[in-house]
Amino acid sequence: MEEYNHLKIESKWQKEWERNKIYQAKNLSKKPKYYSLIEFPYPSGDGLHVGHIRSNTAMDIISRKRRMEGCNVLYPIGWDAFGLPTENYAIKTGKDPRIVTKQNSNIFRKQLKSLGFSFDWSREINTTDPKYYKWTQWMFLQFLKKGLAYKAKMIINWCPKDKIGLANEEVVNGCCERCGTAVEKREKEQWMLAITKYADRLDRDLDNVDYLPQIKLAQRNWIGKSEGAEIEFKIIHPTPALPEGKGEESTKIVILHGKHGTPENYFYPWLKKELEKRSHKVYLPALPNTEVPNDEEQADYVLKNVPLDENTVIVTHSFGGVVAMRLLERGIKIRELILFATPITGTFLDKKSRPSITDALAKGFNYEKIKKQANFFRVIFDSGDTIVRKEDAVILAKNLGIYSEYVKAKEPHFCAIEEPEMLNLILEENTYPLTPSQGEGEFGYHTTDPKTWRALQERVLEMRKNPTEAEKKLWRYLRKNNLTPALPERKGENADGYHFRRQQIIDRFIVDFVCLSEKLVIEVDGDIHDYKQKEDKERTDILRILGFKIIRFKNEEVLSDTDGVIKKISEELKVLPFGEDLGGVTVFTTRPDTIFGATYMVLAPEHPLLSRILLDTLANKKEVLQYIEVARKKSEIEKTAENKIKTGVELKGIKAINPATKEEIPIWIADYILATYGTGAIMAVPADDMRDKEFAEKFSLPIIENYQKAGFEDFGKKITKFKLHDWIFSRQRYWGEPIPVIHCEKCGLVPVLEKDLPIKLPKVKNYQPTENGESPLANIAKWVNTKCPKCKGKAKRETDTMPNWAGSSWYYLRYTDPKNSKAFASQKNLKYWLTPSLPPPKGETLSFSLPFGEGQGGVDWYNGGNEHTTLHLLYSRFWHKFLFNLDLVPTSEPYIKRTSHGLILAKGGEKMSKSKGNVINPDDIVKIYGADTLRLYEMFMGPFDQAITWSEEALIGPRRFLERVWNLQSKVQKKEKNIKIEFLIEKAVKKVSYDIEVMKFNTAISTLMIFTNEIGKYDFISQGVYEKFLKLLSPFAPHLTEEIWSNLKHKDSIHLSYWPKWDENLIKDEAIKIMVQINGKVRAEIFAQADEKEEDVKKKAFLNENISKYIAEKDIKKIIYVKNRLINIVF
RNA sequence: GCCCGGGUGGCGGAAUUGGUAGACGCGAUAGACUCAAAAUCUAUUGAUGGUAACAUCAUGAGAGUUCGAUUCUCUCCCCGGGCACCA
């Protein structure tokens, strides 16, 4: 007998099969049809991957089994050839992608053929073939016609250096994959497909398909259907909260005065008072020895008399700064150091006359250390009434290592800071909010503390009684006009117009008019104000800090042009935060019942509210802007972030009203809220939601433990939301299907006429996109300039192309009728291949079940990579459903059954990639071991749905097995029978048949191996048994089995023979081994007949020597009996 | 951070779905054949102790449920894949 020569056998049979066309599917055959599908490969320059072979072999095995079961099988192949790598290769080398695609697919075809897959090559398709993409374009026109294709502005990744839009895949760590430039976001008009219109059906219909559970889950997660409610929260400017003397919890502020200062002079008492008003505990120690400054002594004094801790802020001036730094140098930790200093350097002014921070500089402090002791360190340059140059301040800031943005010197040469501004600076950049007041005020607002109110009340009443002429007139106008707001749906206090009050006490001031809800103060000034501008400025500044906007009018202005004044006031009201654009914020929640527990609101950093409100009205505008900026950048690198720590910033100065509890709750922005999902805003329920709880704990927000549950729709409207976005369908690339649309100057967007399809891709010299990011097609004037199909006037072609998902969304339909030039496929063929077959002819049974039902059907079995279980699968389901709606396909779903395979990893568990140089070339293996060995190995190496590591050494196992099978030929005898072997083969038929159906190829092969090992022990094997065995092996190793089959004098191919059936009677074991356990441990085994009576088996067990030894004189508590398996005796 | 897989000998992996843990293959060791090697065939091969029969320990770690757990439940650790923190 000849040796097993795989080279000879494999090429021989591949040619023979091609000649006999045994794998060609027959349209409209009477046999039951079976459509098995693999994801058609992208013909990359890397050649066939061992991963392709894994999936192709699996479906090949199933297809071959189906043929042997009597089916008319369609197992097609083609090329998904549009794509980035080919385009990038074209950009790099200037080679025509058409030629590259042809070369690559030629290599792939040859490689695939060398593996003996039973593809119907006569139906080969290619998405880049104009005869194919004509229909892709045609389908796009149908989407357009039905209004499902539209244009929208979308944000894309943009590489500023390459001037090209980037796919997500091409962005690595926020940088362009090719040139490493940081990727920017850009807005661009894009074609979109409205897949969201089908979201609900895409979700629901998963009930009717046979996908692996993980795949269904992935689809459902991606679609992300959730039922919840939208609830509107009113946004308000909270009342200016004025303190009620609660100071215990507030920050301690220590004011250290300067060399010439005492607690009684300069601005110190004023500053102390103002800060105390705002609930802060303020210390103003009288530093000794100010005449002869000794900073160490003074530091000792402070330490002795003033408590300093990490909640302390030291505000210093001049020489006080030196004392403060002495303290910090001693290792004392404080929260913040604010230093007002005079920046005198060089020769500009007489140093000696001005004690300053420059003195401290001369003392050689360790500033790095000092800066670490305070969480914040700010130096604010203030020259008092001295004139200094700003440049000097900047130089000094540099010397101190302080960012120059802290320099508060004013242009051009004067940097004196006035007291209100000083207060402003201390508070504005500080982290202390104005403390909200407890309880209700006279009008539902607190505008001052009770003490001040009592003190000023009488004066207010008097003023109201005796208004000036101007005040009188304006008051009348304000009441009469009511300044009706633009939005009729306004609710609450301002429903009938803005509510004004006159002579209202705010803080320690009495303002002329105020609209509290909008925080607008109107002052009417007499001539006297010209003389006290300074006081007015202070008043204005303080009111501003409290969140008010102030407009001033002169008496005569009010009297002479009252209408003009009213007009100005209404204009101010319009742009104020509570103007027409700012009614509220709608949140989406899946748990509207938890609304009573909502203690704060969180917005996405990109939430539109932030553009609607005046950021100026936020107390921490700078911080908020900074956060938004950081969040914007973060979104570009978030994928690479290892640990996502929750971050956020409160919008200080506005509040939301919980519609259930009517309480004012804080509003935060945080990037754990996505702008794209829901409404980009949530109500946070820390008591019930883990994420909210985490966030609340991090930022010390209150957490309610118990709260009342609400009904589902008590406070909002029930709504169904989907995570799914519409499909961005444009690419500014060359290598894709041109979108068949024309831009006409007169008619606008005009679809290309169907008779003009396909719009072929023109040849270009340069595959680079244009300077402004348009597709390279935009550069070909000859192609771009065209006539409008409607008016025949001047028009331009759309230069965007389609994504490569387009062609792959419907390719399985084209296989049924690949050469049709009248339609994408004939209805006849579609119906035959997609709708379930009639039951098989009488006497025949199928080992698999066929689905029946209205609109049901599709590709019978579709296997592909796990990486495609969301996007590709969803896109093609959407596309198919759209065609079904148009009555163009007979089923509502494209695939009846979907499975996925795991990756093949290189040694060390890495992904195979050309750059790592760890790619396995299947050609070498086919040459050395043979295609049958490679196929067998890939099926044997591990569970099909899991990732497995490639191992070259293990290949020898399957090869040895095939050689053993080959050598068995010499043992074949026609007549003899062997009962033991009959039994084994029947068992193998059952096991292999079953395992193939559930893709447990590895155990199917091990069954076949066990069988050959057993046979090896005998001198002969009957031909019948051997042939059955060969049939079982034939889907795995088609060449070898075909050769032996022909050696056994068969004329027809083994692949056209019938799949063996097993006889259940022959499989029944006559004697069954039963384990006998004592207390759960196996102590003996006994034999029993199948289904023998429980009592008899127990008797046998007790008679066993070993067992009787164990149970002697023991109290048996319990005997557990498992039929045909074990007895467990417990004591 | 979230979701989905997974973790079993020197290695790839089996285990009828709660019932003998380690099928099958690779590798390793010994033997047969051979002048020899390769190939092939035969035997052994989770660990520890024991001449042996056998015993004990072992499925990432720890707990729990159970007569019995690789399998179910909880907590934690590690690896792989995916991602849009999905409210």
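Residue numbers start from 1 in every chain, and the chains themselves are labelled A, B, ... in the order their sequence lines are given, proteins ahead of strands. Note: hydrogens, waters and symmetry copies are ignored here, and every other heavy atom, side chains too, is used.
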Below 4.0 angstrom from OP1 or OP2 of [N], is there any side-chain N or O of [X]?
{"X": "A/R964", "N": "B/C41", "answer": "yes"}
{"X": "A/R960", "N": "B/C26", "answer": "yes"}
{"X": "A/K723", "N": "B/C85", "answer": "no"}
{"X": "A/N221", "N": "B/G82", "answer": "no"}
{"X": "A/S951", "N": "B/C11", "answer": "no"}
{"X": "A/N1002", "N": "B/G25", "answer": "no"}
{"X": "A/R1125", "N": "B/U20", "answer": "no"}

request  = Identify the two heavy atoms, one from A/A152 and one from A/M192, that lie closest to each other, and give their separation to 0.1 Å.
outcome  =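 Taking every non-hydrogen atom into account, CB-CG, 3.9 Å.
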ask   = Which heavy atom of A/A604 sits nearest a heavy atom of A/I669, and at what distance?
value =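 Looks like O-CG2, 4.2 Å.
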With rounding to the closest Å, how many angstrom separate the [atom1] atoms on [N] and [M]?
{"N": "B/U8", "M": "B/C57", "atom1": "C1'", "result": "15 Å"}
{"N": "B/A32", "M": "B/C11", "atom1": "C1'", "result": "28 Å"}
{"N": "B/G7", "M": "B/G13", "atom1": "C1'", "result": "13 Å"}
{"N": "B/A36", "M": "B/C26", "atom1": "C1'", "result": "26 Å"}
{"N": "B/U73", "M": "B/G22", "atom1": "P", "result": "25 Å"}
{"N": "B/G60", "M": "B/A55", "atom1": "C1'", "result": "27 Å"}
{"N": "B/U56", "M": "B/U71", "atom1": "C1'", "result": "24 Å"}

NA contact type, [X], heavy-atom cut-off 4.0 Å: base, sugar-phosphate, or nothing?
{"X": "A/N1013", "value": "sugar-phosphate"}
{"X": "A/Q946", "value": "sugar-phosphate"}
{"X": "A/D945", "value": "nothing"}
{"X": "A/M1075", "value": "base"}
{"X": "A/I673", "value": "base"}
{"X": "A/K216", "value": "nothing"}
{"X": "A/I956", "value": "sugar-phosphate"}

ask   = Is the Lys NZ or Arg CZ of A/K721 less than 6.0 Å from the centre of A/F588's six-membered ring, within 45° of the axis?
value =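 Yes, A/K721 and A/F588 form such a contact.
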query = Syn or anti for B/U17, with syn set at within 90° of 0?
reply =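 Syn, angle within 90° of zero.
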message = Syn or anti for B/G49? Use the chi torsion, O4'-C1'-N9-C4 for purines and O4'-C1'-N1-C2 for pyrimidines, with syn inside 90° of 0.
response =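 B/G49: anti.
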query = A/W805 and A/F729: aromatic ring centres closer than 6.0 Å?
reply =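 Aromatic pair excluded; centres sit 6.0 Å or further apart.
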ask   = Salt bridge check: are A/E1014 and A/K1017 linked by an N-O gap of less than 4.0 Å?
value =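 Yes.
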Out of B/C67, B/C26, B/G13, whichever nucleotide has its closest atom nearest the side chain of A/I948 =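 The nucleotide sitting nearest to the side chain is B/G13.
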inquiry  = Taking the minimum atom-to-atom distance to the side chain of A/P958, which one of B/G68, B/G25, B/G81 wins?
reply    =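 Selected nucleotide (nearest to the side chain): B/G25.
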request  = Would you check, one step at a time, whether the test salt bridge (charged side-chain N to carboxylate O under 4.0 Å, His left out) holds for A/E39 with A/R898?
outcome  = CA-CA 11 Å; A/E39 285 166 351; A/R898 164 80 188 200; 2.9 Å; yes
